[in-house]
Student: 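My questions all concern the structure below.
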Amino acid sequence: AKSRGPNNYILFEPEMQAKVARRAKLEGELRRAIDQDRLAVHYQPLVDLRTGDVCGFEALARWTNEDGEQVPPNVFIPLAEETGLITLLFQQLLRQACEAAKSWSDEMVLSFNLSPVQMEDRMLPARILDILGKAGLPPQRLEIEITENALIADPALAEQIMQSLNAAGIQIALDDFGTGYSNLSQLARFRFDKIKIDKSFVATCGKDERSEKIIQAMLSLSRSLHARTTVEGVEDYGQLAHFVSHGCDIGQGYFFGKPIPAEEVPGFLRRRERV
Ligand code: C2E
Ligand code: CA
Ligand code: CA
Ligand code: CA
């Protein structure tokens with residue numbers, strides 16, 4: 001029975017109850033995983049399309065729960081955001097990633113995702129700089145990825161945070177470009193070092209004229225904002241060739257390499273040098 005009464009008795013339906021229980025269990029497990037420092041970071045290569053060199057890695061959070069199952073970040077990141085665990089999770093993973101990045105070559109950037117709610121935290125720049133300082137990683141080696149949605153809640157504060165990060169030498173990338181709340185005049189207010197074209201556009205590239213035009217418009221917008229452009233989700237050579245011919249700067253995707261644990265990074269780089 002799905003009829004809704006005046007009181008929210010729909011909550012007491014068995015499937016709803018099961019869902020609430022599952023979520024509570026997951027939240028408890030996530031809390032423990034953070035307490036015990038059991039979350040991991042994997043690294044996906046970013047490739048300079050002009051030289052073919054790896055110019056950095058994007059850090060991607062990974063969690064294996066107590067039942068040995070991989071919980072996808074699209075599940076546990078929103079949970080961390082809703083429960084306020086995101087700040088702890090962020091700090092823990094950034095510390096881990098900075099340690100890993102220190103062993104890479106000096107030209108390689110560590111790109112780290114930020115949740116939109118973190119752009120409402122005035123202390124964010126100080127938290128990040130504290131972690132970088134303790135790890136001994138120069139701020140120039142860090143890039144922060146934010147989505148358009150991170151700029152909506154409090155644009156003035158977002159701008160202030162971005163200015164602090166920028167002044168410290170940290171780079172800022174606009175992630176998932178083209179999928180969020182896209183108010184172009186608002187976007188122009190913010191300064192980005194990079195703009196990442198969402199992988200949904202890559203999947204359709206070369207297939208129809210409309211998405212072709214959209215891709216071109218995104219690239220030219222990126223150029224006029226003086227940002228470098230990254231294309232994400234490149235899975236085959238055809239897609240790569242397409243974006244290279246359109247003057248895209250950086251590539252990311254399974255074609256170049258999947259996200260891998262820190263210990264596999266040196267081997268990955270060595271294998272690339274040989275080819
Ligand atoms: P994202 O930032 O857009 O990251 C790119 C996602 O695309 C990653 O999924 C990556 O594994 C996947 N990907 C990379 N190349 C390809 C490809 O060629 N084809 C396809 N189909 N997929 C590709 P993942 O690791 O599952 O992460 C999902 C999302 O979770 C991320 O999307 C990001 O929004 C969020 N996330 C991950 N780690 C963190 C984190 O530490 N903090 C925050 N706030 N969010 C994170
Ligand atoms: Ca990202
Ligand atoms: Ca993305
Ligand atoms: Ca995405």
Side-chain angles (χ1 to χ4, degrees), residues 30 33-34 37-47 54 56-64 69-98 100-101 109-121 124 127-128 131 142-150 161 171-180 182 192-205 218 222 229-240 242-243 248 250-262 264 268:
L30 182 60
I34 294 172
D37 210 347
R38 282 195 283 103
L39 288 155
V41 184
H42 282 193
Y43 303 87
Q44 186 176 34
L46 304 166
V47 175
V54 174
F57 289 87
E58 177 175 356
L60 293 158
R62 294 291 179 262
W63 178 31
T64 308
E69 296 155 351
Q70 286 275 343
V71 183
N74 289 334
V75 172
F76 71 81
I77 295 290
L79 184 64
E81 289 168 351
E82 287 158 27
T83 52
L85 289 167
I86 192 69
T87 299
L88 272 178
L89 183 148
F90 169 77
Q91 297 184 123
Q92 194 169 97
L93 296 183
L94 183 60
R95 267 184 221 111
Q96 217 182 101
C98 286
V109 70
L110 166 69
S111 207
F112 209 96
N113 292 286
L114 217 60
S115 285
V117 292
Q118 295 183 267
M119 290 301 272
E120 295 167 61
D121 173 12
L124 183 74
R127 288 186 210 281
I128 294 176
I131 292 170
L142 181 67
E143 176 178 274
I144 288 296
E145 300 192 7
I146 59 173
T147 57
E148 291 155 63
N149 302 333
I161 290 173
Q171 299 171 61
I172 300 170
L174 177 63
D175 200 2
D176 297 349
F177 182 53
T179 64
S182 228
F192 299 103
D193 300 284
K194 277 189 199 139
I195 288 180
K196 300 185 77 171
I197 296 181
D198 190 70
K199 55 179 181 289
S200 58
F201 296 101
V202 181
T204 58
C205 83
M218 286 192 288
S222 178
T229 316
T230 303
V231 54
E232 61 174 31
V234 176
E235 292 186 354
D236 61 49
Y237 182 77
Q239 293 166 342
L240 168 63
H242 184 87
F243 279 89
C248 196
I250 296 157
Q252 176 180 8
Y254 298 161
F255 179 74
F256 304 105
K258 294 199 168 175
I260 49 175
E264 289 176 25
F268 170 82

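All heavy atoms count here, side chains included; hydrogens, waters and symmetry mates do not. One-based numbering, in listed order, for ligands and for the atoms of each.
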Student: Looking at Asp176, which of its N, O or S atoms is the nearest one to the Ca ion (ligand 3)?
Tutor: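 Looking only at N, O and S atoms of Asp176, the one nearest the Ca ion (ligand 3) is named OD1.
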Student: Donor-acceptor check, side chain of Asn113 to backbone of Glu145, threshold 3.5 angstrom: yes or no?
Tutor: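 No: the side chain of Asn113 does not pair with the backbone of Glu145.
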Student: Do Glu143 and Ser111 have side-chain N/O donor and acceptor atoms under 3.5 Å apart?
Tutor: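 Per modelled atom types, Glu143 and Ser111 side chains form a pair under 3.5 Å.
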Student: Hey, does the side chain of Glu235 reach the backbone of Val202 with a donor-acceptor pair shorter than 3.5 angstrom?
Tutor: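 Such a contact is absent between Glu235 side chain and Val202 backbone.
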Student: Has the side chain of Gln118 got a donor or acceptor atom that lies under 3.5 Å from a matching backbone atom of Leu114?
Tutor: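 No, because the side chain of Gln118 does not come within donor-acceptor range (under 3.5 Å) of the backbone of Leu114.
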Student: How many angstroms lie between atom CD1 of Ile131 and atom CD of Gln92, to the nearest 0.5 angstrom?
Tutor: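 Those atoms lie 10.0 Å apart.
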Student: May I ask you to check whether Asp176 has an N/O atom sitting below 3.5 Å from an N/O atom of ligand 1?
Tutor: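 Yes; at least one N/O pair falls below 3.5 Å.
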Student: Could you state the interatomic distance from CG (Leu94) to CD1 (Ile144), rounded to the nearest 0.5 Å?
Tutor: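 If I round to the nearest 0.5 Å, the distance is 6.5 Å.
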Student: Just verifying a value: how many Å separate Ile195 CD1 and Leu174 CG, rounded to the nearest 0.5 Å?
Tutor: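 Nearest 0.5 Å value for the CD1-CG distance: 5.5 Å.
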Student: Mark yes or no for whether Gln96, through its side chain, and Val41, through its backbone, hold a donor-acceptor pair below 3.5 Å.
Tutor: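 It does hold such a pair.
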Student: Taking only heavy atoms of Leu114, which atoms of ligand 1 are found under 4.0 Å from at least one of them?
Tutor: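 Those atoms are 44 (N).
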Student: Is ligand 1 less than 4.0 angstrom away from at least one heavy atom of Pro72?
Tutor: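 Distance cut 4.0 Å: Pro72 fails for ligand 1.
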Student: Starting from the Ca ion (ligand 2), look over the N/O/S atoms of Glu58 and name the nearest one.
Tutor: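 This residue's closest N, O or S atom turns out to be OE2.
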Student: Could you list which atoms of ligand 1 come closer than 4.0 Å to a heavy atom of Pro259?
Tutor: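 Counting from 1, the qualifying ligand atoms are 11 (O).
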Student: Return the minimal non-hydrogen interatomic distance between Cys248 and Thr229, and the atom names on each side.
Tutor: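 Closest heavy-atom pair between Cys248 and Thr229: SG-O, 3.5 Å.
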Student: Quick check on side chain to side chain contact (heavy atoms under 4.5 Å, CB included): which of Ile250, Asp176, Ile197 does Glu232 satisfy it with?
Tutor: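 Per the side chain to side chain contact (heavy atoms under 4.5 Å, CB included) rule, the option paired with Glu232 is Asp176, out of Ile250, Asp176, Ile197.
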Student: Who gets closest to atom 35 (C) of ligand 1 by heavy atom: Gly257, Ala59, Pro73, Ala61?
Tutor: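 Looking at heavy atoms only, the winner is Pro73.
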Student: Report the member of Glu232, Gln252, Gln44 with the shortest heavy-atom distance to atom 15 (N) of ligand 1.
Tutor: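 It is Gln44 that holds the nearest heavy atom.
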Student: Let me check your reading of the structure: within less than 3.0 Å of the Ca ion (ligand 3), is there an N/O/S atom from Asp198?
Tutor: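 Looking at Asp198, which is the residue asked about, there is no N, O or S atom under 3.0 Å from the Ca ion (ligand 3).
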Student: Taking only heavy atoms of Ser115 into account, list the atoms of ligand 1 that are under 4.0 Å away from them.
Tutor: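 So the answer, numbered in order with elements, is 44 (N).
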Student: Just go through Glu235, His42, Lys199 and tell me whose heavy atom is the nearest to atom 17 (C) of ligand 1.
Tutor: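 Looking at heavy atoms only, the winner is Glu235.
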Student: Would you kindly specify which portion of Asn113 sits under 4.0 Å from ligand 1, judged on non-hydrogen atoms: side chain, backbone, both or neither?
Tutor: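 Both backbone and side chain.
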Student: Taking non-hydrogen atoms only, is Asp198 closer than 4.0 angstrom to ligand 1 via side chain, backbone, both or neither?
Tutor: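 For Asp198, there is no contact with ligand 1 at all, from either part.
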Student: Report the distance from atom CZ of Phe201 to atom CZ of Phe177, rounding to the nearest 0.5 Å.
Tutor: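 Answer for the CZ-CZ pair, Phe201 versus Phe177, is 8.0 Å.
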Student: Closest to the Ca ion (ligand 2), which N/O/S atom of Asp175 is it?
Tutor: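 The atom in question is OD2.
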Student: Measuring from the heavy atoms of Glu58, does anything fall under 4.0 Å of ligand 1?
Tutor: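 Distance cut 4.0 Å: Glu58 passes for ligand 1.
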Student: For N/O/S atoms only: which one belongs to Glu232 and is nearest the Ca ion (ligand 3)?
Tutor: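 Nearest N/O/S atom of Glu232: OE1.
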Student: If every non-hydrogen atom of Phe112 is compared with every non-hydrogen atom of Ala97, which pair is closest and at what distance?
Tutor: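 Shortest heavy-atom contact: CE1-CB, 3.8 Å.
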Student: Do any of the N, O or S atoms of Asn113 sit under 3.0 Å from the Ca ion (ligand 2)?
Tutor: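 Yes, within the cut-off.
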Student: Mark up the atoms of ligand 1 that fall under 4.0 Å of a heavy atom belonging to Gly233, in ascending order.
Tutor: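 With Gly233 as reference, the close atoms of ligand 1 come out as 16 (C), 17 (C), 18 (O).
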Student: For Gln239, which part has a heavy atom under 4.0 Å from ligand 1: side chain, backbone, both, or neither?
Tutor: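 Neither part.
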Student: Give a yes or no on whether Glu145 keeps an N, O or S atom under 3.0 Å from the Ca ion (ligand 3).
Tutor: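 Short answer: no, not a single N, O or S atom is under the cut-off.
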